[in-house]
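Whatever order the structure lists ligands and atoms in, that order sets their numbers, starting from 1. Computed from heavy atoms alone, side chains included, the values below leave out hydrogens, waters and symmetry copies. Keep in mind the model is a prediction, meaning the values are calculated, not measured.
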Amino acid sequence: MQGVGFRPFVYGLAREFDLVGWVENTASGVTLEIQGAPASVLAFIESLRVRTPLLAQIDSVDDLEVPPGGDVDFRIRTSTAVGAATASVSPDVATCADCLAEVDDPADRRFGYAFTNCTNCGPRYSIVRAIPYDRPNTTMADFRMCRECQADYDDPTDRRFHAQPLCCPVCGPQLSASITDTAIALRRGDIVAIKGIGGFHLAVLASSDDGVAALRARKHRQDKPFALMCLDLSSVERICELSPPEAALLTSIERPIVLLQRITGVDSGIAAGVAPHTSELGVMLAYTPLHHLLLTELGEAIVCTSANYSDEPIAYRNADAEQRLSSIADRFLSNDRPIHIRVDDSVARVVDGSPYLVRRSRGYAPAPLSLPWSAPRPVLACGAELKNTVALARDRQVFLSHHIGDLKSAETFVAFREAIEHMSRLFEIRPEVVVRDLHPDYLSGQHADALAEEFGLDEVVVQHHHAHVAACLADASHAGPVIGVAFDGAGYGPDNTVWGGEFLIADLTSYRRVGWFSPVAMPGGDAASNQPWRMAAAYLDAIGEPEPEDLPAHRRNPRWSQVLQIARNGVNSPLTSSVGRLFDAVASVLDVRDESRYEGQAAIELEQLVAKHERGTYTAGVSSNDGTHTVAGVDLVSAVLADLRRGVDRGQIAMRFHRGLAEAVVQVCERIRDESGLDVVALSGGVFLNTTLLVDTTERLTAKGFAVLRHRRVPCNDGGISLGQAAVASACDRNGLLGQSRRGRLVVGS
Ligand code: ZN
Ligand code: ZN
Ligand code: FE
């Protein structure tokens, strides 16, 4: 990776072992030549691997002997732009402790300077315009280094040696407003647009009820939780429960937003409107000197949310931000360092002691994922429709983009096309194969078609849930075949129903659907996705309780009978096997929520309700026929209704439902194992962001002798789809399946 202090490290080592020669960055990695005593050369090579700097990671070393040159010292050569661009650009890195110490030191010339950085930290991906990663190819090109900075840059013993974004108060970017004034404004409840690494945040004092309410109103965002930014771990500990792995994730150089359990029973001073109806809080730590200075001055946490209207992409250009945010923000804290590519904050949680990504973006993107298989030809995977990411595959690497978002917004679709162009240029990947989802209406898919047409590329069409399972396989470096369990909200099924509760026997080149949840009508189609009560009506109708007078959801909705009619006559009511929709139905029956104001809200709140120590379980019938298995999701709804009428605590009911689902997974997997001999299960799809379900399912499967693959490096939701698509297309290409396809288009099936 470039920009991680590798050349200075090599320089230091060469000096230490008394070697002469040179080192340089090329587009394909680092090339170096050393000359000296044989023992020293060996010691050097050994140290190269063992003492690798913090941010660097050596994927491979190729060496060869060359005749001695006439070198008299060791030099760092200026970069050349030749060679295939296999080197990668580092993600943006949180400020290091050394830089923070300087920012806090009144005697240091960078005291209080908001843009302090070094080879160990600072912006990278967000400021790179092209490779190789050198200053003229970044948005720092227009800032001419002052004499002192130049001296730091040229000094091989300095932490800033060849740090491309290096700068100081004399020569570097400047803030548009004072930090003190901004802190005063925040303290009185103002909403401030703050320019960060990958875009603008909207910030407001986390303790201000009025400020938070105003932010929600102006941003048109109803219930979706806001993230908080805290100065340090001790301020987080006052608000949330914090385990050692969670603390490690919070302080990691990637600095994601970490989803944490709030401390209950004490007044944390956080406004209720920050994250209504949930016991979790998304928290991140300050990750730039600016955040550090502002939060130190302020002395308390701020809400820090992407600067945009509802589903639009985050604002990142100064002029655009001033225009778009003028009606939201009371004031700005901007600066004159341009952001080249917008990068949202990442989101993660800790599950069973390990990080589990919810959104992989700043800090992680565009670090390539190394796979154990190679892509014979470069691949572009266009991803899904919601939570879109794109992926570029070359050789054994997949470059997964930052979070792009929901393509239905016109602005996001523009960002999607820009991301494809930027990444192809940056990594010099010219795709020869393009991949799309099977869904005919996905904009990402239509764009893939257009690219295939325009450039004569081979096109691969991958079914949504096959892509989910493939993403999990790629994440775990497992080639399959496995039993893939893909649970999510919705994906296009080739039988014209909406899939989302699927059991597939899958490897990377094919899949066979061997199990599913019994389909139920989705009255009103997409309308049912954000109106859980519609799914409750459909499920209750299916169990012969169409008009339960004792149910609040029924009493509250005057359109209930009408929706029943729609469900029964099938008008605009596709059938769905979606487990996401089953969660919605149960949430509505339990009176958790009739309408979701953001994706997955009902399911999230249903999980929040669970009584952790409940050991009861519902049973869903599984019927098998000719090697396929169906789960009667309706049985779970019946059980929920029966317990509710018996007066059982809703928390217990919620837990029994979760456990019933997990048990149904095991039942089906055992039957599939009996028939196929497969004993590895991959769990994927957005429903597996539900930790209760994920952990319980894993435990039950493990107890029955299954090996369980879970997501680790990429999210299980649609943010991971592009990785799965890329893995499938490369595997098909390796197996020569693309050449056999007609007109260069392959629809991957069984
Ligand atoms: Zn630093
Ligand atoms: Zn300077
Ligand atoms: Fe999905």
Side-chain angles (χ1 to χ4, degrees), residues 3-5 8 53-55 90 92-104 108-110 113 115-124 135 140 143-154 158-161 163-174 253 287-289 292 383-389 406 437-439 442 444 462-472 484-493 498-502 504 529 576-581 599-600 603 683-689 711 714-725:
V4 293
L54 188 65
L55 300 182
S90 158
D92 302 295
V93 182
T95 312
C96 73
D98 291 335
C99 283
L100 279 188
E102 289 174 357
V103 169
D104 287 338
D108 194 281
R109 71 190 189 89
R110 292 190 178 83
Y113 185 53
F115 303 93
T116 305
N117 67 80
C118 72
T119 50
N120 296 322
C121 74
R124 297 285 189 278
R135 193 160 172 120
M140 287 298 291
F143 295 94
R144 226 191 117 100
M145 273 185 270
C146 68
R147 192 176 302 188
E148 281 181 272
C149 283
Q150 187 69 52
D152 291 343
Y153 186 88
D154 292 335
D158 195 281
R159 202 176 80 249
R160 271 174 280 264
F161 183 59
Q164 306 306 339
L166 164 60
C167 56
C168 77
V170 175
C171 65
Q174 302 297 325
I253 55 171
Y287 57 85
T288 68
H292 175 79
E385 179 92 335
L386 304 177
K387 301 183 172 62
N388 178 275
T389 60
D406 299 354
D437 191 280
L438 186 61
H439 199 307
Y442 276 10
S444 56
V462 182
Q463 197 279 328
H464 190 85
H465 302 93
H466 183 209
H468 270 308
V469 173
C472 188
V485 180
F487 290 176
D488 68 355
Y492 186 85
V498 179
W499 289 12
E502 313 309 314
L504 312 176
S529 310
T576 187
S577 52
S578 165
V579 172
R581 296 292 85 82
E599 203 205 342
L683 303 178
S684 190
V687 166
F688 284 107
L689 287 179
H711 282 261
V714 298
C716 63
N717 61 24
D718 284 7
I721 286 287
S722 62
L723 172 66
Q725 291 175 339

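Rounded to 10°, the angle that NE2 of His468 and OD1 of Asp718 form at the Fe ion (ligand 3) is 90°. Around the Zn ion (ligand 1), the angle linking Cys96 (SG) with Cys118 (SG) is 110°, rounded to 10 degrees. Put simply, the angle at the Zn ion (ligand 2) from SG in Cys168 to SG in Cys149 is close to 100°, to the nearest 10°. If you put the vertex on the Fe ion (ligand 3), NE2 of His464 and OD2 of Asp488 sit 90° apart, to the nearest 10°.
In this structure, CZ on Arg159 lies 4.0 Å from SG on Cys99, to the nearest 0.5 angstrom.
At a threshold of 2.8 Å, the Zn ion (ligand 2) has no backbone or side-chain N, O or S atom of Cys167 nearer than that distance. Residue side and main chain included, His465 places no N/O/S atom under 2.8 Å of the Fe ion (ligand 3).
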Given the rule in the side chain to side chain contact (heavy atoms under 4.5 Å, CB included) test, do Val485 and Phe688 qualify, once you have shown the distances and angles that lead to the verdict?
CA-CA 10 Å; Val485 180; Phe688 284 107; 4.1 Å; yes
Lys387 and Glu599: CA distance, side-chain angles, deciding distance, salt bridge (Lys or Arg N to Asp or Glu O under 4.0 Å) verdict:
CA-CA 11 Å; Lys387 301 183 172 62; Glu599 203 205 342; 2.3 Å; yes
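Ion pairing between a basic and an acidic side chain is recognised when a charged N comes within 4.0 Å of a carboxylate O; Asp152 and Arg110 show such pairing.
Using cut-offs of 30° and 60° on the angle between ring planes, the pair His439 and Tyr442 is parallel.
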